[in-house]
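Numbers restart at 1 for each chain; the letters A, B, ... are given by sequence-line order, proteins then strands.
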Amino acid sequence: MSKTIFEELSWRGLVYDATPEFDAWTASGSRTAYIGFDPTASSLHVGSLLPIMGLARMQRFGHRPVALVGGGTGLIGDPSGKTAERQMLTRDAVEENLRGIQTQLEPFLDFGAVSNAALMVNNLDWLGPMGLVEFLRDVGKHFTVNYMLAKESVKRRVQSEDGISYTEFTYMMLQAYDFLELSRTHDCDIQMGGSDQWGNIMAGIDLVRKASSRKAHGLVFPLVTNASGTKFGKTESGTIWLDPERTSPYRFYQFWLNTDDRDVVPYLKYFTWLSEDAISELSDIHEAQPGRREAHRVLAREVTALVHGEAERDQAEEAAAVLFGGALDKVPVKDLRDIFDDVPSTVLPREAFSGDGTGILELCERTGLTASRGEARRLVRAGGLFVNNERQGDEQAVITASHLIEGELLVLRKGKKSYHLVQIEA
RNA sequence: GGACAGGUACCGAAGCGGUCAACCGGGCUGGACUGUAAAUCCAGUGGCUUAGCCUUCGGAGGUUCGAAUCCUCCCCUGUCCA
């Protein structure tokens, strides 16, 4: 007997909370479910991967996924999980962000399926033209202020010193109205989201019931946690975006590969399509031989391929092999340029390396690899500076043309992972 | 407006006339170990032409051979009183 979508989400640990009849409802027919995406940035980041996969999983179970981008609500700002009033975005900014997000959703959802094709909607389409009077009559009437004040997201802000603006206070009603609208126009009666959306989703379910006497359902995913206590999706070098322009596939791959041991199995469940059996097998391998990092590798491979495609994934793997493998001089310059595509680089004139060349300390400072020569000096003394992947332990060393790979490239490295490319002016 | 308390490097926090570029902890950066991990251990953490020199301890002056340390004025923060 095959699983229901609810059972599927359950074993993956994706059900933080759900309305009581979610399972029965989704098991008994093809339904339509939506998740809202916030256009506060022009790209989604790995944090959005969970809801995106949620929609995709729904679709695989025969349901119709609707991705709602918040063109209208994005202009307002959701107070959930926020402690301060949010910055308002301009219409243009929201527009631009919407386009970016749409392209990123496309690989995950099948928009051409015959019976349950995915759908993308923008709530600006119905929120935009709606007048205030109309809104207050049709939506506002169904909400008591008491009800809204009782919601956690509002309560916290009401108690805070800076309070909450009327605009953000109203956000919940707008999102609830989205649900009503989708229920009317697309027969959508399920909303999913992050656990912080529970309050908003309940508000939507209530509104649908009051305004159209229909029963709606909701399910929220857990907050993705990180065993090391940092915020998921952030690294020292910043947020991990889905947009390859912002986070290169290489970095993306590395992000997953460097997952904390304790998180690897949950992440496999969250972010991949692998079966329960496959994951438990990986889990066993990891238990037995953690050093192999088989689970990490599979996680990185799967997710990178999912987001960036297999070609990009393979290239990211090759790059890693070279970067962590050793000698660079065997690799053609052309490939090196590819591998170091997203690494900071500096272009220096050829004269810098002719004759007496440039001192190693000066080079570090000029390229910005270190903030000062003093820092460079300490780095060299500590044995943390590498030129073309060979440790450079002499602070008096001078770099000349003979160090350049094929006469045009120099790879500086600080520590294990911090690379800097030096190119010669053409 | 008045009374205290206090402002020290990325953060917290010592120092209270010379031995202070400034204890210590955190963070950060390297190194060792390892699995491109965690934990642990070690080193470094103002700049420089580095056995030395230069610029720092809220700001500006002053006392002194010598000040982060004492004095004066100013600015800011916290608490209490009005």
Side-chain angles (χ1 to χ4, degrees), chain A residues 46 161 225-238 240 247-268 282-304 313-328 331 336 339-344 356-399 411-420:
Chain A
V46 288
E161 204 165 303
T225 54
N226 198 317
S228 55
T230 52
K231 195 172 181 217
F232 174 74
K234 302 264 190 213
T235 66
E236 319 77 64
S237 42
I240 303 297
T247 300
S248 71
Y250 171 73
R251 281 209 187 292
F252 188 85
Y253 180 91
Q254 288 292 320
F255 167 76
W256 295 101
L257 189 65
N258 286 322
T259 298
D260 191 289
D261 283 13
R262 292 163 289 181
D263 293 324
V264 112
V265 172
Y267 286 8
L268 281 166
L282 282 169
S283 172
D284 290 345
I285 294 176
H286 178 64
E287 287 288 318
Q289 296 169 281
R292 265 178 70 190
R293 293 196 304 156
E294 191 62 24
H296 295 75
R297 211 171 305 281
V298 172
L299 176 67
R301 283 181 61 82
E302 290 289 323
V303 184
T304 308
R313 186 270 311 276
D314 291 345
Q315 202 180 328
E317 275 194 314
E318 276 168 39
V322 172
L323 260 44
F324 294 98
L328 290 179
V331 186
L336 282 179
I339 291 168
F340 291 105
D341 194 31
D342 63 314
V343 150
D356 293 339
T358 303
I360 189 68
L361 301 183
E362 192 184 336
L363 197 61
C364 285
E365 194 210 355
R366 270 176 82 173
T367 57
L369 187 69
T370 61
S372 68
R373 307 181 53 135
E375 192 187 321
R377 192 185 307 272
R378 289 192 291 269
L379 184 67
V380 170
R381 285 179 183 170
L385 181 73
F386 297 80
V387 177
N388 294 336
N389 270 3
E390 279 177 35
R391 176 168 282 156
Q392 181 51 262
D394 176 13
E395 59 190 83
Q396 304 298 334
V398 169
I399 303 302
V411 179
L412 297 178
R413 189 178 104 216
K414 183 174 89 168
K416 285 196 180 80
K417 297 179 188 175
S418 190
Y419 282 90
H420 191 105

- Message: Could you tell me how far B/C54 sits from B/U34 if I compare only their C1' atoms? Round to whole Å.
- Response: 43 Å

- Item | Cation-pi geometry met for A/Arg391 and A/Phe386 (6.0 Å, 45°) | no

- What interatomic distance, in whole Å, is found between C1' of B/U29 and the corresponding atom of B/G18? 34 Å

- Query: Does B/A14 pair with anything, Watson-Crick or G-U wobble, both distances under 3.5 Å, and if so, with which nucleotide?
  - Reply: none

- Say you pick atom C1' in B/G58 and the same atom in B/A51; how far apart are they, in whole Å? 36 Å

- Taking a pair to mean Watson-Crick or G-U wobble geometry with both distances below 3.5 Å, B/G30 pairs with B/C42

- Determine the Euclidean distance between corresponding C1' atoms of B/C16 and B/G7; express it in Å to zero decimal places. 15 Å

- Message: My understanding is that a pair needs two contacts under 3.5 Å, Watson-Crick or G-U wobble. By that rule, which nucleotide pairs with B/G61?
- Response: B/C71

- Query: Can you check the A/Arg413 CZ to B/U36 P distance for me, whole Å?
  - Reply: 12 Å

- Message: Using modelled atom types and a 3.5 Å cut-off, is there a donor and acceptor pairing between side-chain atoms of A/Asp263 and backbone atoms of A/Thr259?
- Response: no

- Over how many whole Å does the gap from A/Asp260 atom CG to B/U36 atom P extend? 16 Å

- Report yes if some heavy atom in the side chain of A/Glu395 is under 4.5 Å from a heavy atom in the side chain of A/Arg381; otherwise report no. yes

- How close or far is atom C1' of B/C48 from atom CD of A/Glu362, stated in whole angstroms? 13 Å

Below 3.5 Å between N/O atoms, which protein atoms pair up with nucleotides 50-54 of chain B? Just atom names and distances, please.
| unit_1 | atom_1 | unit_2 | atom_2 | d |
| --- | --- | --- | --- | --- |
| B/U50 | O4 | A/Arg377 | NE | 2.9 |

- Message: If you count heavy atoms of other groups shown closer than 6.0 angstrom to CD of A/Glu317, is the number above 12?
- Response: yes

- Message: Is there a side-chain contact between A/Leu369 and A/Leu385 in this structure, where contact means two heavy atoms from C-beta onward sitting under 4.5 Å apart?
- Response: yes

- Give a yes/no answer on whether the side chain of A/Thr370 brings an N or O atom under 4.0 Å of OP1 or OP2 in B/U29. no

- Message: I want to check something: taking the side chain as every heavy atom from C-beta on, are A/Lys417 and A/Gln254 in contact at a cut-off of under 4.5 Å?
- Response: no

- Sticking with atom P, work out how far B/C73 lies from B/C81, rounded to a whole angstrom. 27 Å

- Interatomic distance at C1', B/G27 relative to B/G12, whole Å: 10 Å

- Starting from the C-alpha separation in whole Å, work towards a yes-or-no answer on ring pair (Phe, Tyr, Trp, His ring centres under 6.0 Å) for A/Tyr267 and A/Phe232. CA-CA 11 Å; A/Tyr267 286 8; A/Phe232 174 74; 5.3 Å; yes

- G-U wobble or Watson-Crick pairing nucleotide for B/C48 (cut-off 3.5 Å, both distances): B/G52

- Task: Just call it for A/Gly384: base, sugar-phosphate, or nothing, with non-hydrogen atoms closer than 4.0 Å on any strand.
- Result: sugar-phosphate

- Going 5' to 3' through nucleotides 21-28 of chain B, assign each nucleotide B (protein heavy atom under 4.0 Å from a base atom), S (under 4.0 Å only from sugar-phosphate atoms) or - (no protein heavy atom that close). --------

- Counting only side-chain N and O atoms of A/Lys414, is one of them less than 4.0 Å from OP1 or OP2 of B/G31? no

- Let me know the distance between NZ of A/Lys417 and P of B/G35, rounded to the nearest Å. 15 Å

- Can you tell me, in whole Å, how much space there is between the C1' of B/C57 and that of B/C70? 16 Å

- Across all strands shown, which nucleotide pairs with B/U77 by Watson-Crick or G-U wobble geometry, both distances under 3.5 Å? B/A5

- Message: Please name the nucleotide paired to B/U19 by Watson-Crick or G-U wobble geometry with both distances under 3.5 Å, or report none.
- Response: none

- Query: If the P atom of B/G6 is compared with that of B/C10, how far apart are they to the nearest Å?
  - Reply: 23 Å

